[in-house]
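Below is one structure, written out as structure tokens; comments come after it.
Keep in mind that the numbers below use all heavy atoms, side chains included, and drop hydrogens, waters and symmetry copies. Within every chain, numbering begins at 1; the chains are lettered A, B, ... in the order of the sequence lines, protein sequences first and strands thereafter.
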Protein chains: 2
Amino acid sequence: MSAREQRQAASDAGLSKQRVVVEAIRLADREGVDGLSMRRLAGELGAGAMSLYHYVANKEELLDAMIDIVFEEIELPPEETGWQSAMRRRAVSARQVLASHPWAIGLMESRTSPGPANLRHREAVTACLRRAGFTVLMATHANWLLDSYVYGFALQEASLPFDTADEFTNMTEDVFLPQLSPDEFPYLNESAAALVAAGYDPAEEFIFGLDLILAALEPLRASA
Amino acid sequence: MSAREQRQAASDAGLSKQRVVVEAIRLADREGVDGLSMRRLAGELGAGAMSLYHYVANKEELLDAMIDIVFEEIELPPEETGWQSAMRRRAVSARQVLASHPWAIGLMESRTSPGPANLRHREAVTACLRRAGFTVLMATHANWLLDSYVYGFALQEASLPFDTADEFTNMTEDVFLPQLSPDEFPYLNESAAALVAAGYDPAEEFIFGLDLILAALEPLRASA
DNA sequence: TCGTACAGTGTACGACGTACGGTGTACGAG
DNA sequence: CTCGTACACCGTACGTCGTACACTGTACGA
């Protein structure tokens, strides 16, 4: 028993759930979630495929654990600021984290039971809203609304076929605009052209909607 | 050539891309996206697995086609009403459609090129917003915001482990509340209890956030 | 010196997507 | 009426997947 603990403490040699899950995330970041197989993951860890099953019951559990680590990376709403800036900070952090692990958002649809980090996160957000004067019901509404926006934005961002502003300009000019006939899609053409001219920044786009939602929620507080 | 057309016209015998994709959607609705394999799909159609490859280049293309059919099911914003009720109608329709094909939302992350129905939809939405007086830039913002909300809501809804209000009450009382220690998660307990008491209706929850967003967008029109 | 416990593995099975090389049948040309 | 061609369709096979199961080796208390 103490032997195992020693082993786990030694971070270099010997496997551990921690090590397995962390490496799985690295692999998924690098190769996408389709490139993550138990055999490849084991290879990456210098182990046999079946060894992984001493630390995770099956692949589903591995995926659940990966998602929960991702939630751990998201900043909790800070307590010392107003509710709006607290919510803004955690939402911005969530977007960043989800954008850096694009596979995570696609996985969420299929995982139904929230992990501990997820629960801690929800608790902290709900606490922040309640302390800011929202009723139980309003806090629920706000939660759904904000989470929907964050996840939906991340989902759309993940399905964009480019990562940088330059790539966006190139793709739009070379691929999208040519295949969008101006007769059939006049408004999309107009909007694509405007975007190329004005530049493209998902972080800015995100803030726009976020602040609009936060401002619209403000008057719904039952300010004591 | 005319032979093939005859064949395709006869809807009963003979395959066709249409028939393949429609059956694939039925299968995914029934068994989830993991239950959709080329072999099973072929079996469902009374054909051999390899026959499908005469109508779709590969499974990726099949998935793309499935998603596009789903987009076809979503109501376009009606032209004869105000922009708010037009947007509300199409958003409500989108939620309904995505809720009835829960696999679709999880697929979107991985498909990067929008199909024709998707494009038509975006064009119609953008047209509606532009005609309502939003600038090109504002229409883009509104598009991102509304789509993020709709997709994010659908994503959260799809990851709920229950479908009906009764199931929700049961799950919450029997499964969630017992495993949420009131000390560690006081606010989640409070909110779960309130939800059980008040009843649960995703459609209503959706409307709340939707109307809040629409109202917040209203003053941003450059009303001519 | 042995027994036990447990980290780690090798092999095997039934699925998967799909490349490749067939069939059969329908039809226009001779 | 025959035959070549075209094309819808399929059987088989390959490499990969998740993972059940039985096995190794080694560390350690007795």
Consider the side chain of Ala47(A), meaning its heavy atoms from C-beta on, and name the nucleotide among dG18(D), dC17(D), dT9(C) that approaches it most closely.
dT9(C)
Proximal nucleotide (of dC10(D), dT19(D), dC16(C)) relative to the Arg39(B) side chain
dC16(C)
Roughly, in whole Å, what's the span from CG in Leu15(B) to C1' in dC7(D)?
13 Å
With a 3.5 angstrom cut-off on both distances, give the Watson-Crick or G-U wobble partner of dA15(C), or none if there isn't one.
dT16(D)
Specify the separation, in whole Å, of atom CE of Met38(A) and atom P of dT11(C).
19 Å
Would you tell me whether Asp34(B) and Trp103(B) have side-chain atoms, one donor and one acceptor, within less than 3.5 Å of each other?
no
Starting from C1' on dC17(D), measure out to CE on Met50(A) and report it in whole angstrom.
13 Å
How close or far is atom C1' of dA7(C) from atom CG of Leu45(A), stated in whole angstroms?
14 Å
Given 3.5 Å as the limit, does a donor-acceptor pair link the side chain of Ser148(A) with the main chain of Trp144(A), or not?
yes
Write down the distance between CG (Asn58(B)) and P (dT18(C)), rounded to a whole number of angstrom.
5 Å
Let me know the distance between CG of Leu52(A) and P of dT19(D), rounded to the nearest Å.
11 Å
Any side-chain N or O of Ser51(B) below 4.0 angstrom from OP1/OP2 of dC10(D)?
yes
Dump the intermediate steps for side chain to side chain donor-acceptor pair (under 3.5 Å) on Asp29(A) and Ser100(A), then the final yes or no.
CA-CA 8 Å; Asp29(A) 286 345; Ser100(A) 70; over 6 Å; no
Here the distance between atom C1' of dC16(C) and atom CG of Leu41(B), to the nearest Å, is 14 Å
Ser37(A) or His54(A): which one's nearest nucleotide on DNA chain D is closer to the 5' end?
Ser37(A)
Tell me the interatomic distance from Leu36(A), atom CG, to dG18(D), atom C1', rounded to whole angstroms.
12 Å
If the condition is side-chain contact (heavy atoms from CB on, under 4.5 Å), which residues does Ala127(A) pass it with, not counting sequence neighbours?
Arg131(A), Tyr187(B)
Which one of Leu160(B), Thr164(B), Thr169(B) satisfies the side-chain contact (heavy atoms from CB on, under 4.5 Å) criterion with Tyr200(B)?
Leu160(B)
Which residue, Tyr53(A) or Gly46(B), contacts DNA chain D at a nucleotide closer to its 5' end, judged by nearest heavy atom?
Gly46(B)
